[in-house]
Amino acid sequence: MLECGMSDRDRQALKRRSADLCKQLVVDELLVQSLQADSILTESMAESILAEQTSQKRSWRLLLLLPKRGPRAFSSFISALKETEQQHLSDLLTESPERDADNLHPEEEPEGKSGQLIMERTEKKRERINELTLEPRTDVTSRLCFSAESMEFSLDADSPINTPVLPCTPDFYLSRCQQSYRMNSSPRGFALVISNVTFDSHAASDLDPRKGGEVDDEVLRKLFTELDYRVTVHRDLTAQGMRNSIEEFCRCLGHQTVDSCVVCLLSHGVDGAVYGTDGQLLQLDWVFKSFDNAHCLLLQNKPKMFFIQACRGEEMDCGVEQMDGPVRTSSPSCEQRDAGREGQGESQQRGALGIKPRIKLPQRSDMICGFASLKGQTICTAAMRNTKRGSWFIQELNSALRLRSRDTHLADILVQVNARIKEREGYAPGTAHHRCKEMSEFTSSLRKDVYLFPKYQPQY
C-alpha cells in the first residue's frame, strides 16, 4: 500500500516540465520495469502504459499516474531516468525550479490585498498551465509535440539502454533445465564481436563509414559480459583478418569446458556475405562451416549463436499501407544503411572391422542466427544507425535479452525482436528513404530451447 501522494514540490516539478517530458521522454519497457521493481507501478499500470501506440502517449499516461503513486514516486522516477540514460531529463526535473507562470520565488509572499489578488491570479494561471500540459491537447502546439520528428530527434540524444540484465530465479531454472540445452558453466561461453566501422578509402571507396557502428559493439560487449560470456571485440578488420580471428576463436581450447558460444558480425554486407574493411567479402557459409560439427569438435551438441548486423541485398523495403491499421505508425529511432555432404559407407566399413560405430551428427546443427534484415534486402539509409544508440536490430536485441532472458528462450526472444523491428519506421523527410521499413529474421537448427539463465549458478 502506497502512502499519501507525491509532495507538492515534486508534483509541481513534473507539471512544470510536462511539455518537455512529453517531447523527450522515452518510456519503454526498461523504464517501466524499473518503476515496477520499485513498487511505483503495478503490473496493470505498466501494461496500460506500454499499450499506448506512441512514445508521447506513453509519456502522458505515465505523467498522469506518477503524482498519485506516493512520496517515493518522484525519486524513483529520477533513478529510472538515470538508469535508462536520460540524465538530461533528470537534471531538468531536479534543477532549481523556474516560476514561469509568475516569476515568484517561494520565499516571496506578497502582502496586503494586492498581494492576495496576485496570489489568486497566480494560482489560477498555474491551474491553467497544468491543464494544458497534463491533458491531451488537440491544438497546433500539441500536434508538434506529438510529431514523429520531435520523437526522432529526442531519441538521437540518448545513449544505449543499459538497465541491468534481470536475473533468473532458482525455481525457473529447475523448471526448465532438463528440457533445454545445458547452460550452467561459468562463464557460459566465449563471445566474439567483429565490428567494421571505418573502411579503406582506396580499396573500398564505395563503402561509407558506419557512423554509430562503434556504439553497437560496445553495447554487445557490455550485454554479453553481463550474461557471463568472455567477450573479445575486434574492430575494423579486413576480410582475411576476420577469417583469422574466427579461426583462432574456433581453435580456443576453452570451448571444451563451457556450454555455448556467441559470434556477432557487424559490417556492410550483401546476400550471404559481409565486407572486410578492404572491400573484400567474407562468406557467411564459411563462417557457419567453421563452427559445424566436423570443424569445431569442442562445440559439438552445444548451442552456437550468431547475430549479423548487415545488409543482405540491394532491395529497399519502402513498406506498404496496412489496410485496417492506424494512419501512421510511429518510429522509435533512425539509422544508416548497411548495404553491403556426409560420406556413405563409413558405418559399413567400421562394422566390417568389428568397431562399434559412434553416433553420427549432421554436419551442421545446434545453431541459431539472427539477421538484421531479410534475404535480398538492404537496410535503408533512413533506417539509420542512430549515432548515439546504434542500430535498430542491436538496440532491440540488447533490450530483449536484458529484460526477457530471465524466463524466455532465445528463439522466442528473437520473435519479440522481430515484432519490435516491424513497428519501426525510418525518418528522412524529403528523401526516397522516408518512412522506409526494416524486417529482421532468424534461422535455427536448434534441437532444444536455449535459456541463458542469467545470473544464476546452480549449487552442487
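Here salt bridge (Lys or Arg N to Asp or Glu O under 4.0 Å) pairs that include residues 234-260, with residues two or more places apart or in two chains, are Arg182-Asp259, Asp217-Arg235. The salt bridge (Lys or Arg N to Asp or Glu O under 4.0 Å) pairs that include a residue from residues 285-303 are Asp285-Arg364, where partners are two or more places apart or lie in different chains.
For the pair Tyr229 and Val258, the minimum side-chain heavy-atom distance is 4.5 Å or more. Contact annotation: the side chain of Tyr181 approaches that of Asp366 to within less than 4.5 Å [non-hydrogen atoms, C-beta and beyond]. A heavy-atom distance below 4.5 Å is not found between the side chains of Phe77 and Ile40. Here the side chains of Leu282 and Ile194 are not in contact, with every heavy-atom distance at 4.5 Å or above. Under the 4.5 Å side-chain criterion, counting only non-hydrogen atoms from C-beta, Tyr451 is not in contact with Met183. Two residues are said to be in side-chain contact when any heavy atoms from C-beta on lie closer than 4.5 Å; Ser185 and Thr257 fail this criterion. Under the 4.5 Å side-chain criterion, counting only non-hydrogen atoms from C-beta, Leu361 is in contact with Asn301. Contact of the Ile394 side chain with the Leu266 side chain is registered, since non-hydrogen atoms from C-beta on lie closer than 4.5 Å.
Judged by distance alone, the side chain of Ser260 and the main-chain N or O of Pro303 form no donor-acceptor pair under 3.5 Å. Counting only distance, with no hydrogens or angles, the side chain of Gln86 and the backbone of Val26 share a donor-acceptor pair below 3.5 Å. Using modelled atom types, no side-chain atom of Gln280 and backbone atom of Thr238 make a donor-acceptor pair closer than 3.5 Å. Side-chain atoms of Arg404 do not come within 3.5 Å of backbone N or O of Leu401 as any donor-acceptor pair. Under the 3.5 Å distance criterion, the side-chain polar atoms of Ser399 are left unmatched by any main-chain donor or acceptor of Gln395. Remark: the backbone N or O of Ile413 is not paired with any side-chain donor or acceptor of Thr408 at under 3.5 angstrom. Remark: the backbone N or O of Ala239 is paired with a side-chain donor or acceptor of Asp278 at under 3.5 angstrom. Put simply, the side chain of Arg402 gets close to the backbone of Thr163: a donor and an acceptor are under 3.5 Å apart. The backbone N or O of Ser79 sits nowhere less than 3.5 Å from a side-chain atom of Ser90 that would complete a donor-acceptor pair. No donor-acceptor distance shorter than 3.5 angstrom exists from the side chain of Gln457 to the backbone of Lys455, with no hydrogens or angles considered.
The side chain to side chain contact (heavy atoms under 4.5 Å, CB included) test applied to Cys168 returns Phe172, Tyr173, Phe453, Pro454, Tyr456, not counting sequence neighbours. Taking the salt bridge (Lys or Arg N to Asp or Glu O under 4.0 Å) definition, one finds that Arg406 meets it with nothing, sequence neighbours left out. For Leu298, the side chain to side chain contact (heavy atoms under 4.5 Å, CB included) partners at least two apart in sequence or on another chain are Leu253, His255, Gln256. Partners of Asp38 under the salt bridge (Lys or Arg N to Asp or Glu O under 4.0 Å) rule, at least two apart in sequence or in another chain, are Arg72. In this structure Ala37 satisfies the side chain to side chain contact (heavy atoms under 4.5 Å, CB included) test with no other residue, sequence neighbours excluded. Take Arg221 and apply the side-chain hydrogen bond (donor to acceptor under 3.5 Å, both in side chains) test, not counting sequence neighbours, and it matches Glu218. Annotation: side-chain hydrogen bond (donor to acceptor under 3.5 Å, both in side chains) contacts of Ser34 (sequence neighbours excluded): Glu83. Partners of Glu43 by side chain to side chain contact (heavy atoms under 4.5 Å, CB included), not counting sequence neighbours, listed by chain and number: Gln36, Glu47. Partners of Ser365 by side-chain hydrogen bond (donor to acceptor under 3.5 Å, both in side chains), not counting sequence neighbours, listed by chain and number: Asn293.
Taking both residues in full, the closest heavy atoms of Cys250 and Ser290 are given as SG-O, 3.5 Å, listed atom of the first, atom of the second, then distance. The two atoms that bring Asn196 and Met242 nearest to each other are ND2-SD, 3.5 Å, heavy atoms only. Between Glu438 and Trp392, the shortest heavy-atom contact is OE1-CE3, 3.4 Å. Taking both residues in full, the closest heavy atoms of Ile308 and Cys369 are given as CG1-SG, 3.6 Å, listed atom of the first, atom of the second, then distance. Across every non-hydrogen atom of Ser180 and Arg176, the tightest pair is OG-O, 2.9 Å. Glu396 approaches Val417 most closely through the heavy-atom pair O-CG2, 3.8 Å.
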Quiz item: Passes side chain to side chain contact (heavy atoms under 4.5 Å, CB included), Leu166 versus Gln33? Steps please.
Solution: CA-CA 10 Å; Leu166 299 180; Gln33 184 80 37; 3.8 Å; yes
Quiz prompt | side chain to side chain contact (heavy atoms under 4.5 Å, CB included) assessment of Gln24 paired with His88 | solution = CA-CA 10 Å; Gln24 300 181 42; His88 61 295; 3.5 Å; yes
Quiz prompt | Test log, rule side chain to side chain contact (heavy atoms under 4.5 Å, CB included), inputs Leu227 and Val262 | solution = CA-CA 11 Å; Leu227 287 168; Val262 174; over 6 Å; no
Practice problem: Please step through side chain to side chain contact (heavy atoms under 4.5 Å, CB included) for the pair Gln309 and Leu220, ending with a clear verdict. | Solution: CA-CA 12 Å; Gln309 171 61 46; Leu220 292 171; over 6 Å; no
Quiz item: Should Gln416 and Asp412 be marked as a side chain to side chain donor-acceptor pair (under 3.5 Å) after you check the CA-CA gap, both sets of side-chain angles, and the distance that decides it?
Solution: CA-CA 6 Å; Gln416 294 174 17; Asp412 275 358; over 6 Å; no
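Within the model, atoms OG of Ser267 and CG of Leu237 stand 9.5 Å from one another, a figure rounded to the nearest 0.5 Å. The line from CD of Gln179 to NZ of Lys448 is 9.5 Å long, rounded to the nearest 0.5 Å. Rounding to the nearest 0.5 Å places CG of Leu89 at 6.0 Å from CG of Leu25. To the nearest 0.5 Å, atoms CD1 (Ile368) and NE2 (His409) are separated by 9.0 Å. Taken to the nearest 0.5 Å, the CG atom of Leu265 stands 5.5 Å off from the CD1 atom of Ile246. The SG atom of Cys261 lies 5.0 Å from the CG atom of Leu299; values are rounded to the nearest 0.5 Å.
Using a 30° and 60° split on the angle between ring planes, Phe190 and Phe249 fall in the perpendicular class, above 60°.
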Show me the side-chain donor-acceptor pairs of residues 198-207 shorter than 3.5 Å, one per line, residues at least two apart or across chains.
| from | atom 1 | to | atom 2 | distance (Å) |
| --- | --- | --- | --- | --- |
| Asp200 | OD1 | His202 | N | 2.7 |
| Asp200 | OD1 | Ala203 | N | 3.0 |

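The side-chain contact (heavy atoms from CB on, under 4.5 Å) test with Leu62 singles out one residue from Leu14, Leu41, Leu21, and that residue is Leu41.
At a cut-off of 3.5 Å, with distance as the only test, a side-chain donor of Asp91 or Gln87 sits close to an acceptor on the other residue.
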